[in-house]
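In this chain, numbering begins with 1 at the start of the sequence shown. Note that the structure is predicted; figures quoted are calculated from it, not measured.
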Amino acid sequence: MKLTAQELEQMKSVNIGAVSADALADVSGMAFDRTLPREERLARFVKRAVNPYCFSVGGVGVKIEFAEGGPSLQETLAAFLIRQKSGL
């Protein structure tokens, strides 16, 4: 599945506050097959989520944003979990 730059920009610009979680694709329970190439895993996610930037997880609307040169999602989640464990 190939998306144009314009399509990706439209997906990225969705206002999560103006969209009902019920109107978003729910990706709850989705598992990633790490034996597949990265491109195939991404294609499967986009097919299920429809919009890779804005989707629902268990009835909660989620919007993903990325900063240029910022930490990866994995680094951010690891730091969050460490802070939670430390009680910070």
Side-chain angles (χ1 to χ4, degrees):
M1 166 183 248
K2 293 280 186 183
L3 297 171
T4 66
Q6 183 179 6
E7 289 170 321
L8 285 172
E9 193 57 42
Q10 287 174 334
M11 290 177 178
K12 192 179 353 180
S13 68
V14 169
N15 178 353
I16 190 70
V19 178
S20 167
D22 295 334
L24 300 170
D26 193 337
V27 298
S28 296
M30 184 173 185
F32 291 95
D33 183 350
R34 308 253 325 147
T35 63
L36 295 173
R38 181 176 182 251
E39 293 79 17
E40 179 64 23
R41 291 191 311 259
L42 181 58
R44 288 181 179 201
F45 177 76
V46 170
K47 184 176 180 181
R48 174 130 178 226
V50 181
N51 181 342
Y53 295 98
C54 194
F55 47 87
S56 172
V57 177
V60 176
V62 175
K63 178 152 185 190
I64 302 290
E65 294 182 6
F66 301 93
E68 289 292 325
S72 70
L73 180 59
Q74 183 174 350
E75 291 167 338
T76 303
L77 288 174
F80 170 75
L81 293 173
I82 289 168
R83 284 192 310 273
Q84 289 293 320
K85 188 174 181 179
S86 300
L88 300 176

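Here the options are Asp22, Val27, Val62, Asp26, the test is side-chain contact (heavy atoms from CB on, under 4.5 Å), and the partner is Ser56; only Asp26 passes.
Residues Arg41 and Arg34 approach most closely at NH1-O, 3.6 Å, considering heavy atoms. Nearest heavy atom pair, residue Ala25 against residue Ala49, reads CB-O, 3.2 Å. The nearest pair of heavy atoms linking Gly61 to Ala21 is N-CB, 3.7 Å.
The structure places CG of Asn51 at 11.0 Å from CD of Glu7, a figure rounded to the nearest 0.5 Å. Expressed to the nearest 0.5 Å, how far NZ of Lys63 lies from NZ of Lys12 amounts to 9.5 Å.
In this structure Thr35 satisfies the side-chain contact (heavy atoms from CB on, under 4.5 Å) test together with Asp33, sequence neighbours excluded.
Listed for the Glu40 side chain is no donor-acceptor partner under 3.5 Å among the backbone atoms of Pro37.
The aromatic rings of Phe45 and Phe55 sit perpendicular to each other, their planes meeting at more than 60°, with 30° as the lower class boundary.
Other residues, nucleotides and ligands contribute over 12 non-hydrogen atoms within 6.0 Å of the CZ atom of Phe32.
The hydrophobic cluster containing Leu24 also includes Val14, Ile16, Val19, under a criterion of side-chain heavy atoms closer than 4.5 Å among ILVMFWY residues, counted directly or through chains of members.
Residues Phe80 and Val57 are members of separate hydrophobic clusters, defined by side-chain heavy-atom contacts under 4.5 angstrom among Ile, Leu, Val, Met, Phe, Trp and Tyr. Tyr53 and Val50 end up in different hydrophobic clusters when Ile, Leu, Val, Met, Phe, Trp and Tyr side chains are linked at under 4.5 Å.
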